[in-house]
Amino acid sequence: MQSKTVCIMGLGYIGLPTAALLANRKYHVHGVDVVQSTVDTINQGNIHIVEPDLDTFVRSAVNSGNLIADTKPKEADVFIIAVPTPFHEGYVPNIDYVVSATESIAPYIKAGNIVILESTSPVGTTEKIAEVLESKGVNISKIHIAHCPERVLPGQIMRELVENDRIVGGLNEEATKETAAFYKTFVSGQILQTDAKTAEMAKLTENSYRDVNIAFANELSILSDKFGINVWELISLANRHPRVNILQPGAGVGGHCIAVDPWFIVHAGGDDAKIIRTAREVNTYKTEWVIEKIKNAALTFEKENGRTAKVACMGLAFKPNIDDLRESPALYITRRLITDGLEVLPVEPNLKSSDEFDLVQDAEAINQADIIVFMVAHDEFKGIRIFGKEVFDFCGVTNHN
C-alpha cells in the first residue's frame with residue numbers, strides 16, 4: 001500500500017482517534033471538522049472528547065506535523081468519511097452529513113483515490129456516495145469506493161482500532177481489495193472482505209443483536225420489580241447455566257450505535273423486522289418506566305414532607321466511564337425530570353462542565369438529595385454507601401458494594 005496522505009471528514013469519537021492513529025503510523029493526515037473550536041483545540045495538540053490515551057496520540061501526531069486539522073478538505077490518497085448518521089423524526093435515517101461530506105471532497109478527488117465510508121449507515125449509502133460524486137463530475141470508474149464500519153468500544157478505542165477485525169465492502173472487487181490493503185497497514189486484526197451492502201448490513205446486524213439482548217434484560221428488570229425480585233441476583237443465578245448469558249439491564253439504551261442503528265433496519269425492513277422493532281420499543285419503554293418510578297417516589301416524598309424532593313441523577317453519559325452523551329437515556333431522564341418540575345442535582349464525573357446543567361459533585365449531590373438515582377455505573381459510584389435515603393439503582397452499580 002503506497003498511499004501516504006489521508007483526509008478524514010469528521011473529527012469526533014471515531015474520526016479523531018483514527019486520524020491520530022494514522023498520523024502516528026507516519027501517514028500525513030488532514031482532519032476536517034465543521035466546528036472551528038474543535039479544529040483549534042486539535043491543532044493545539046489537545047482533545048475535545050474523553051477517551052483513554054487519545055490525548056497522548058493527538059499530542060504526538062500534532063507535534064510531529066503529521067496531523068493538521070482544518071474546516072476544509074484537501075487533496076489526498078485516501079478519504080475517510082466519519083460523520084454522524086442520526087435520524088429524522090419518526091426514526092427515518094438521516095444521511096445528510098454523509099452527503100454533505102461527500103460533496104465537499106468531490107473537487108479534491110483524483111484518479112486512484114480511495115473513498116471510505118466509516119459512518120454507520122443504512123444499506124445503500126455507499127452506493128449513494130458514488131451517485132453524489134458522479135453528479136459532481138467525478139469519474140467513479142477511476143476511484144475505489146468502499147464501506148468499512150467502525151466497531152470500537154468507547155473507552156477502548158485506541159486499542160480496538162488496531163486489534164479488532166474489520167469488515168471491508170467495496171462497490172466492486174477492486175475497491176474491496178484496495179481498501180483492504182489500506183487497512184492492513186495499521187490493523188492487526190483480520191480484514192474480512194465482502195461487498196458494500198453486506199458490510200453496511202453487518203454493522204447494523206451487530207448492534208441490533210446487542211439491542212435485542214439488552215431488551216431481554218430490561219424486560220426482566222421490569223418484571224422482577226413487579227414480582228418483588230432482585231433482578232441482579234436473578235440474572236446472576238440464571239447465568240450459572242452453561243448456555244445462558246443474560247446481559248445487565250439499565251435505564252434504557254444509549255450511544256450513537258445501538259440506540260440508532262436498529263431503526264435503519266426497521267425503516268427499510270418494515271413489517272418483516274418484527275423482533276428488531278420490538279427490542280427498540282422495549283428499550284425505549286424502559287426509559288419511560290424509569291422516569292415514572294422516580295416521579296412516583298418524588299410525589300410520595302412531597303406528600304409526606306410538604307416540599308419538592310431533591311433528586312440526584314448519578315451519571316449522564318450513555319455508558320460507564322466516558323463523557324459521551326449521545327442518545328443517553330440518563331441524559332434524557334434528567335431533562336425530563338427537570339421539565340416536569342423536579343429539583344434535580346445532575347452528576348457526571350467525566351465532564352468538567354456543561355452548557356446545559358450546573359453539575360454537582362457526587363458527594364455533594366448525595367448529601368443534598370432526598371432521592372438518589374444511579375443511572376450509569378461509573379467507577380466513581382462503586383462502593384458509595386448511602387443510609388437513610390431512598391435509592392434507585394437502575395444500572396447495578398450498588399451491586400458492586
Side-chain angles (χ1 to χ4, degrees), residues 3 5-12 14-15 18-19 29-35 39 70-150 167-183 193-204 256 260-261 263-265 267-269:
S3 297
T5 60
V6 181
C7 180
I8 297 182
M9 304 299 294
L11 294 174
I14 298 302
T18 302
V29 181
H30 186 82
V32 180
D33 201 279
V34 296
V35 180
V39 169
D70 199 353
T71 56
K72 295 181 180 179
K74 63 180 294 186
E75 287 189 357
D77 300 303
V78 178
F79 292 85
I80 298 176
I81 297 173
V83 296
T85 48
F87 42 67
H88 296 292
E89 186 176 350
Y91 304 114
V92 177
N94 178 357
I95 61 169
D96 292 350
Y97 295 120
V98 171
V99 171
S100 178
T102 303
E103 291 174 341
S104 68
I105 64 175
Y108 304 96
I109 293 177
K110 57 185 183 295
N113 282 173
I114 298 173
V115 178
I116 304 166
L117 173 64
E118 282 208 0
S119 305
T120 304
S121 305
V123 174
T125 305
T126 311
E127 292 178 342
K128 179 65 176 179
I129 285 177
E131 294 173 7
V132 171
L133 290 177
E134 192 169 36
S135 72
K136 294 295 181 180
V138 176
N139 184 348
I140 60 173
S141 68
K142 299 294 185 179
I143 63 174
H144 310 293
I145 304 173
H147 180 53
C148 181
E150 57 82 12
I167 300 172
V168 173
L171 292 183
N172 54 50
E173 289 187 10
E174 187 65 20
T176 301
K177 178 181 176 182
E178 290 294 317
T179 305
F182 166 67
Y183 280 98
Q193 300 183 34
T194 184
D195 58 84
K197 282 188 175 181
T198 304
E200 291 164 340
M201 186 62 175
K203 177 60 185 293
L204 302 182
H256 179 65
V260 176
D261 298 353
W263 287 118
F264 293 170
I265 295 179
H267 179 261

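Fair warning: this is a prediction, and the values are worked out from it, not measured in the lab.
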Go through the steps to decide whether Ile81 and Tyr97 satisfy the test side chain to side chain contact (heavy atoms under 4.5 Å, CB included), and finish with yes or no.
CA-CA 9 Å; Ile81 297 173; Tyr97 295 120; over 6 Å; no
List the steps, then state whether side chain to side chain contact (heavy atoms under 4.5 Å, CB included) holds for Val78 with Thr5.
CA-CA 6 Å; Val78 178; Thr5 60; over 6 Å; no
Going through the distances and angles, do Met201 and Ile265 end up as a side chain to side chain contact (heavy atoms under 4.5 Å, CB included)?
CA-CA 8 Å; Met201 186 62 175; Ile265 295 179; 3.9 Å; yes
Evaluation steps, side chain to side chain contact (heavy atoms under 4.5 Å, CB included), between Phe182 and Ile80:
CA-CA 11 Å; Phe182 166 67; Ile80 298 176; 4.0 Å; yes
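Judged by distance alone, with hydrogens and angles left aside, the side-chain atoms of Thr71 form no donor-acceptor pair with the main-chain N or O of Val34 at under 3.5 Å. When atom types are taken as modelled, the side chain of Glu200 and the backbone of Thr125 share a donor-acceptor pair closer than 3.5 angstrom. Using a distance-only test at 3.5 Å, with no hydrogens or angles considered, no donor-acceptor pair links the side chain of Thr126 to the main chain of Ala146. Between the side chain of Thr176 and the main chain of Gln193, no donor-acceptor pair closer than 3.5 Å is present. Proximity of a side-chain donor or acceptor of Asp70 to a complementary backbone N or O of Val32 within less than 3.5 Å is not detected. Of the possible polar contacts, one joining the Thr18 side chain to the Ile14 backbone as a donor-acceptor pair under 3.5 Å is found.
Among all heavy-atom pairs drawn from Met9 and Pro73, the shortest one is SD-CB, 3.9 Å. Closest of all the heavy-atom pairs between Ala19 and Leu11 is CB-CD2, 4.3 Å. Closest heavy-atom contact between Ser121 and Phe264: C-CD1, 3.9 Å. Minimum interatomic distance between Ser119 and Thr85 (heavy atoms only, all atoms of both residues): CB-CG2, 3.9 Å. Across all their heavy atoms, Leu204 and Pro122 have their closest contact at CD1-CA, 4.3 Å.
Looking at Phe79 and Val6, their side chains never come closer than 4.5 Å, going by heavy atoms from C-beta outward.
Residue Cys7 holds its SG atom at 9.0 Å from NZ of Lys74, rounded to the nearest 0.5 Å. Taking CG of Asp261 as the start and CZ of Phe87 as the end, the distance is 9.5 Å to the nearest 0.5 Å. In this structure, CD on Glu150 lies 3.5 Å from NZ on Lys203, to the nearest 0.5 angstrom. To the nearest 0.5 Å, atoms CG (Leu171) and CD1 (Ile145) are separated by 5.5 Å.
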Cut-off 3.5 Å, no hydrogens considered: what does the side-chain donor-acceptor table look like for residues 99-117, sequence neighbours left out?
{"unit_1": "Thr102", "atom_1": "OG1", "unit_2": "Val98", "atom_2": "O", "d": "2.7"}
{"unit_1": "Ser104", "atom_1": "OG", "unit_2": "Ala101", "atom_2": "O", "d": "2.7"}
{"unit_1": "Lys110", "atom_1": "NZ", "unit_2": "Ala76", "atom_2": "O", "d": "3.1"}
{"unit_1": "Asn113", "atom_1": "OD1", "unit_2": "Lys110", "atom_2": "N", "d": "2.9"}
{"unit_1": "Asn113", "atom_1": "ND2", "unit_2": "Ala76", "atom_2": "O", "d": "3.0"}

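Listed by chain and residue number, nothing satisfies the side chain to side chain donor-acceptor pair (under 3.5 Å) test with Asp96 (two or more places apart in sequence, or in another chain).
Sorted by first and then second residue, the pairs that involve residues 112-137 and meet salt bridge (Lys or Arg N to Asp or Glu O under 4.0 Å), not counting sequence neighbours, are Glu118-Arg166.
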